[in-house]
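Everything below concerns the one structure shown next.
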There are 2 protein chains.
Amino acid sequence: MVLVRPDVPVDTLPAGPLQSGHRTLEAGLRAWVEQQTDLHLGYVEQLYTFGDTDRIDMPGRGGRSLSIAYLALVRALRASARSGARWQNVYTYLPWEDWRDGRPAVLETIETYLKTWVKDSGDTGTLREKRAALAFGLGTDSWSDELVLDRYELLYEAGFVREARRDGESPPLTAMVDHPMGLDHRRILATALGRLRGKIKYRPVIFELMPESFTLLDLQRTVEGLSGIRLHKQNFRRLVETQGLVEETGELQTETGGRPARLVRFRREVLLERPSPGLRLSSTKRPAN
Amino acid sequence: MVLVRPDVPVDTLPAGPLQSGHRTLEAGLRAWVEQQTDLHLGYVEQLYTFGDTDRIDMPGRGGRSLSIAYLALVRALRASARSGARWQNVYTYLPWEDWRDGRPAVLETIETYLKTWVKDSGDTGTLREKRAALAFGLGTDSWSDELVLDRYELLYEAGFVREARRDGESPPLTAMVDHPMGLDHRRILATALGRLRGKIKYRPVIFELMPESFTLLDLQRTVEGLSGIRLHKQNFRRLVETQGLVEETGELQTETGGRPARLVRFRREVLLERPSPGLRLSSTKRPAN
DNA sequence: TCCAAATATACTCAATTTGAGTATTAGGGG
DNA sequence: CCCCTAATACTCAAATTGAGTATATTTGGA
């Protein structure tokens, strides 16, 4: 889930100008987010700095603005009331990234759209075709969860996403299925999702999103939510155990709908034991269980 | 190799203030580097943005400066004459990172130094000990090539590297073995090296450093130089072949000192074929061949 | 001329890791 | 007590990896 401010006409990420009172960039970030969302941030990671002079939020003015994007992970308790900010499913903005219930329907539209885009380009057609095939796994039955930014950029270039349209251009084919964000925030969101999908494979950041104790299935569902794919349950457990990422609390969770599950917690010591502890996942399209 | 300007009293990386004439950050970077080193940059990648108000290059002044660090890869032809910039071995500044000829000697000094640092800390001793053990592989015989930044930060925290010393503090134990850089440039160098060591494993960036055609051993030596470790020759070749990273030119290189070697070139198509082509290396301490 | 040294390249093989199952266990609700 | 559901335990073949041995081509002397 991503926390957005429902601005007009589209949602935006929390943001604000760096002020002299902020001793570090991170302090500035935390202050703004806290003010705009009533939320205290734990884990925070710098993503990327944008500074083009033609950046879309700088119409006319002579100066230059630098935007430094951050990724933060929080255990979302409840939507933060006062501020008006609210939690939104990330896949609202990037619907083609969620394969948990099979191939997302929007990919039909995208594939059709991209075919036209490939045709429209004469001799660079083969290049476009291959890029699209790689990013979206067309022709093959493979899907790379980490190529989030590549896919977004391809769709931007192809004019599929709405923010890629200039005023006056014909209305996009996709008005009904596409859900943009303000400024370049959807691009930032894509960057963040891609980074995170990569990172959970070698750092235990996933536990920033888990409560103190949880079941292995809870953990698996969270990972699946981030990666946008389904995992093989037995192998996922084997992975978590061999990596030493969790330890038993001794308690059981009985509201499982079946046999009660052991409750476990994150083993923090793992950070001091191995150089890159994480969930080296390997997807499955549709596991039988 | 890293390109430095031999400033007084220590070397610094090429750098310069962003100007209004620079349309993008990258354009500004390229302009400054070109001016300061007579070098045209190809591959460029943003590393990190620093913005603490107490950053060491801002003594006194009220304003804030943001520094955006980049990593660029170039095929170094010759040292760029006019500008005074020159190429330096990266391991001049980070000598503990080079294991190509076995465990670097400086690690003896470091290990001794860290032991004192661990002892000096009372009840947080165990934590320090484990951190040091993990970062430097103490006690085990394993070494993680990617932990470059962790190691630098640990040495900084422990006061081993000279830039960590405040004026007036007792002269460092390490004056004879340590080779600092200006400002926080050694930290940036550590960030870059760590990032690069990680990246060659899943992106074919190594070829930015290779000439048009080269032998497999040339390629292996370059990878070893970056990773700071030796690789098993036969397995390295198998990896390169199975990943489809190169293709034959049909030519032979005869000045090998032995049997002539095939000359190969980078297969650019690989970028359009597989999602993350790279050299998933697995080190060896000291291969028998 | 022929051999030793040096490097390239080909092949082998056991140990591990991975992908994909089947089998069994333990609650909750009729 | 039976059935549904999910948890947990085990199995097994395929693929990957780590570490060799074996063979091929050069060059430079003895």
Side-chain angles (χ1 to χ4, degrees), chain A residues 141-143 145 201-202 213-224 227 229-264 274 276-289, chain B residues 141-143 145 201-202 213-224 227 229-264 274 276-289:
Chain A
D141 57 350
S142 74
W143 174 261
D145 64 324
K201 288 165 197 163
Y202 61 94
S213 79
F214 48 87
T215 69
L216 290 175
L217 188 57
D218 292 339
L219 184 63
Q220 183 180 341
R221 292 289 177 242
T222 309
V223 173
E224 290 174 340
S227 322
I229 51 178
R230 289 269 171 228
L231 301 171
H232 183 281
K233 187 197 259 191
Q234 297 91 325
N235 291 349
F236 178 80
R237 286 153 166 276
R238 177 172 63 189
L239 189 61
V240 172
E241 312 263 292
T242 63
Q243 294 278 83
L245 291 170
V246 302
E247 63 193 2
E248 309 222 4
T249 63
E251 320 243 297
L252 287 180
Q253 160 72 272
T254 52
E255 299 103 51
T256 57
R259 174 173 170 175
R262 294 170 299 144
L263 280 167
V264 297
R274 41 173 75 241
S276 61
L279 295 160
R280 285 158 188 71
L281 346 146
S282 32
S283 66
T284 314
K285 257 153 282 294
R286 215 84 249 297
N289 58 88
Chain B
D141 57 350
S142 74
W143 175 261
D145 64 322
K201 287 163 196 162
Y202 61 94
S213 79
F214 48 86
T215 70
L216 291 175
L217 188 58
D218 292 338
L219 184 64
Q220 184 180 338
R221 292 292 177 239
T222 308
V223 172
E224 289 174 341
S227 319
I229 51 177
R230 290 266 170 229
L231 301 172
H232 184 282
K233 188 196 255 190
Q234 297 90 325
N235 291 350
F236 179 81
R237 285 152 168 275
R238 177 172 63 188
L239 189 61
V240 172
E241 313 263 292
T242 62
Q243 294 276 85
L245 291 170
V246 302
E247 63 192 1
E248 308 221 5
T249 63
E251 320 242 298
L252 289 179
Q253 160 73 271
T254 53
E255 298 101 53
T256 57
R259 173 173 171 177
R262 294 171 299 143
L263 280 167
V264 297
R274 41 173 74 240
S276 63
L279 294 161
R280 284 156 190 73
L281 347 147
S282 31
S283 67
T284 314
K285 256 152 284 291
R286 214 86 249 295
N289 57 89

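Below, chain A is the first sequence line, B the second, and so on; all start at residue 1.
If you take CD of B:Glu241 and P of C:dC11, they are 12 Å apart, rounded to a whole angstrom. A straight line from CZ of A:Arg238 to C1' of C:dT22 spans 14 Å, rounded to a whole angstrom. The separation between B:Leu279 atom CG and D:dG18 atom P is 13 Å, rounded to whole Å. Atom-to-atom, CZ of B:Phe236 to P of D:dG20 comes out at 19 Å; the value is rounded to the nearest Å. The separation between A:His232 atom NE2 and D:dT11 atom P is 16 Å, rounded to whole Å. We find that CG of B:Leu219 is positioned 12 Å from P of C:dA8, with the value rounded to whole Å. Here the C1' atom of nucleotide C:dG29 and the CD atom of A:Glu255 are 15 Å apart, to the nearest Å. In this structure, B:Arg221 atom CZ and C:dA6 atom C1' are separated by 12 Å, rounded to whole Å.
Under the 4.5 Å side-chain criterion, counting only non-hydrogen atoms from C-beta, B:Gln243 is not in contact with B:Leu279. Taking the side chain as every heavy atom from C-beta outward, B:Val223 and B:Phe236 approach each other to under 4.5 Å.
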Fill in the blank from the handout: Contact string for nucleotides 3-8 of chain D, one letter per nucleotide 5' to 3', B = base within protein heavy-atom range under 4.0 Å, S = sugar-phosphate only, - = neither, reads --BBBB
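Minimum heavy-atom separation, B:Ala261 to B:Thr256: N-CG2, 3.9 Å.
With sequence neighbours excluded, no residue forms a side-chain hydrogen bond (donor to acceptor under 3.5 Å, both in side chains) with B:Glu251. With sequence neighbours left out, the side-chain hydrogen bond (donor to acceptor under 3.5 Å, both in side chains) criterion links A:Arg259 to no other residue.
Ion pairing between A:Arg221 and A:Glu224 holds under the 4.0 Å rule for side-chain N and carboxylate O.
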